[in-house]
Student: 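Have a look at this one.
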Amino acid sequence: IFMKNENINFLFCIVFLIFSIKNSLTANDFYDYPLYYIVDACDITTQRIDPNEVSQEEMLEGREKYSICMNFIMALSTTLNSRCLSSEKKKLSPEEAFTYADLSEVHTTQDLIKEVVSYAKKNSHFNNQIAWLHASKAISQKWPCKKFFD
């Protein structure tokens, strides 16, 4: 009987862990971030930090920012690219066009990050607005979904 309860507890823990990870990686988590928050988090990707010269607290803060940036960029780029690849060829309105991007020629996340950061710097009046909207606009302008423009 003890072994059976232990197995059930183990399975419960595994299922809980899977659902926790799945829920933490969904794009919905990033809808409300302002653009300046993402740009601030992504600035860490351009820095070279010597672990011997910073405190453990600064190192953990840097790791947190890196995680926020990469999760945001990966969720956004995956969403934009999958919409482009899976959609039927149709005419898109300008409002719809920036939720599709063909990222088949993009080989690094750093390219995507640079595009979002440069967009934010050129359009600083959008810094308090929703990052998802403006980052998708920046990426789709640079890499539009070719499927709709052939």
Side-chain angles (χ1 to χ4, degrees), residues 11-150:
L11 286 175
F12 176 79
C13 288
I14 295 295
V15 169
F16 178 77
L17 188 71
I18 289 170
F19 280 110
S20 296
I21 290 170
K22 179 188 166 281
N23 288 337
S24 70
L25 296 178
T26 60
N28 292 338
D29 293 343
F30 304 109
Y31 280 139
D32 295 334
Y33 288 165
L35 187 58
Y36 76 85
Y37 181 76
I38 296 300
V39 170
D40 179 55
C42 288
D43 276 340
I44 197 75
T45 65
T46 61
Q47 300 172 8
R48 295 286 175 234
I49 299 172
D50 184 356
N52 299 322
E53 295 180 7
V54 295
S55 69
Q56 184 176 4
E57 185 177 304
E58 290 171 312
M59 188 62 93
L60 292 174
E61 182 182 323
R63 189 179 300 167
E64 171 89 13
K65 285 183 174 185
Y66 181 82
S67 176
I68 289 167
C69 176
M70 294 307 280
N71 286 337
F72 178 85
I73 293 295
M74 295 308 292
L76 177 68
S77 61
T78 301
T79 301
L80 298 180
N81 196 45
S82 65
R83 283 182 183 168
C84 178
L85 294 176
S86 66
S87 62
E88 299 289 323
K89 198 171 192 175
K90 64 178 180 175
K91 181 105 170 128
L92 289 176
S93 70
E95 294 81 22
E96 291 176 309
F98 66 81
T99 62
Y100 294 80
D102 181 359
L103 303 177
S104 57
E105 298 298 316
V106 179
H107 300 292
T108 67
T109 53
Q110 195 63 38
D111 292 340
L112 299 170
I113 292 169
K114 285 178 185 174
E115 195 58 36
V116 171
V117 170
S118 70
Y119 175 90
K121 288 181 180 176
K122 288 179 197 167
N123 300 287
S124 59
H125 53 287
F126 294 137
N127 279 342
N128 287 323
Q129 295 183 9
I130 297 172
W132 191 269
L133 179 76
H134 291 288
S136 65
K137 185 175 181 182
I139 290 172
S140 65
Q141 285 175 342
K142 178 80 177 217
W143 298 282
C145 186
K146 294 176 187 143
K147 195 175 191 180
F148 299 109
F149 300 108
D150 289 341

Student: Given Ile113, which of Thr46, Thr45, Val39 fulfils the side chain to side chain contact (heavy atoms under 4.5 Å, CB included) condition?
Tutor: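 The side chain to side chain contact (heavy atoms under 4.5 Å, CB included) with Ile113 is passed solely by Thr45 among Thr46, Thr45, Val39.
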Student: More than 12 heavy atoms of other residues, nucleotides or ligands under 6.0 Å from CE of Met74: is that the case?
Tutor: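 Atom CE in Met74 is not crowded, with 12 or fewer foreign heavy atoms closer than 6.0 Å.
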Student: Hey, what do you get for NZ (Lys142) to OG (Ser118), rounding to the nearest 0.5 Å?
Tutor: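 Rounded to the nearest 0.5 Å, the NZ-OG separation comes out at 7.5 Å.
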Student: Thr108 and Asp111: side-chain donor and acceptor closer than 3.5 Å?
Tutor: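 Yes, side-chain donor-acceptor contact under 3.5 Å.
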Student: Rounded to the nearest 0.5 Å, how far does OG1 of Thr78 lie from CZ of Arg83?
Tutor: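 It comes to 11.5 Å.
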Student: Nearest 0.5 angstrom please: Glu58 CD to Glu61 CD, how far?
Tutor: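 If we round to the nearest 0.5 Å, Glu58:CD and Glu61:CD are 7.5 Å apart.
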Student: Could you tell me which non-hydrogen atom of Trp143 sits nearest to which non-hydrogen atom of Leu103, and how far apart they are?
Tutor: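 The pair with the smallest heavy-atom distance is CB-CD2, 3.8 Å.
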Student: Ignoring hydrogens, what is the shortest heavy-atom contact between Cys84 and Ala101? Give both atom names and the distance.
Tutor: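 So the two residues come closest at CB-O, 3.3 Å.
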Student: Does Asn81 reach the side chain of Asp102, with side-chain heavy atoms less than 4.5 Å apart?
Tutor: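 Of all side-chain heavy-atom pairs linking Asp102 with Asn81, at least one is under 4.5 Å.
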Student: Can you tell if the side chain of Tyr119 reaches within under 4.5 Å of the side chain of Gln141, non-hydrogen atoms only?
Tutor: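 The answer is yes; the side chains approach within 4.5 Å.
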Student: Scan Asn123, Asn128, Ile130 and name whichever one has a side chain to side chain contact (heavy atoms under 4.5 Å, CB included) with Phe126.
Tutor: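 In the set Asn123, Asn128, Ile130, the residue that makes a side chain to side chain contact (heavy atoms under 4.5 Å, CB included) with Phe126 is Asn123.
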Student: So which atom in Ile44 and which in Ala41 form the shortest heavy-atom distance, rounded to 0.1 Å?
Tutor: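 Heavy-atom minimum between the residues: CG2-O, 3.0 Å.
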Student: In Å and rounded to the nearest 0.5 Å, what is the CG to OG1 distance from Leu76 to Thr99?
Tutor: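 Atom-to-atom, Leu76:CG and Thr99:OG1 are 10.5 Å apart.
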Student: Angle between ring planes, Trp132 versus Phe72, binned at 30° and 60°: parallel, tilted or perpendicular?
Tutor: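 Because their plane-to-plane angle is over 60°, the rings of Trp132 and Phe72 count as perpendicular.
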Student: When rounded to the nearest 0.5 angstrom, what is the spacing between CG in Asn71 and OH in Tyr66?
Tutor: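 Here the rounded value is 10.0 Å.
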Student: Any chance you could measure Ile68, atom CD1, to Ile73, atom CD1, to the nearest 0.5 Å?
Tutor: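 Atom-to-atom, Ile68:CD1 and Ile73:CD1 are 12.5 Å apart.
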Student: Ignoring hydrogens and angles, tell me if any N or O in the side chain of Ser140 forms a donor-acceptor pair with the backbone of Lys137 under 3.5 Å.
Tutor: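 Yes, because the side chain of Ser140 sits within donor-acceptor range (under 3.5 Å) of the backbone of Lys137.
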Student: Using the side chain to side chain contact (heavy atoms under 4.5 Å, CB included) rule, pick out the option among Ile38, Leu60, Asp40 that qualifies with Lys65.
Tutor: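 Going through Ile38, Leu60, Asp40 one by one, the side chain to side chain contact (heavy atoms under 4.5 Å, CB included) with Lys65 is satisfied by Asp40 alone.
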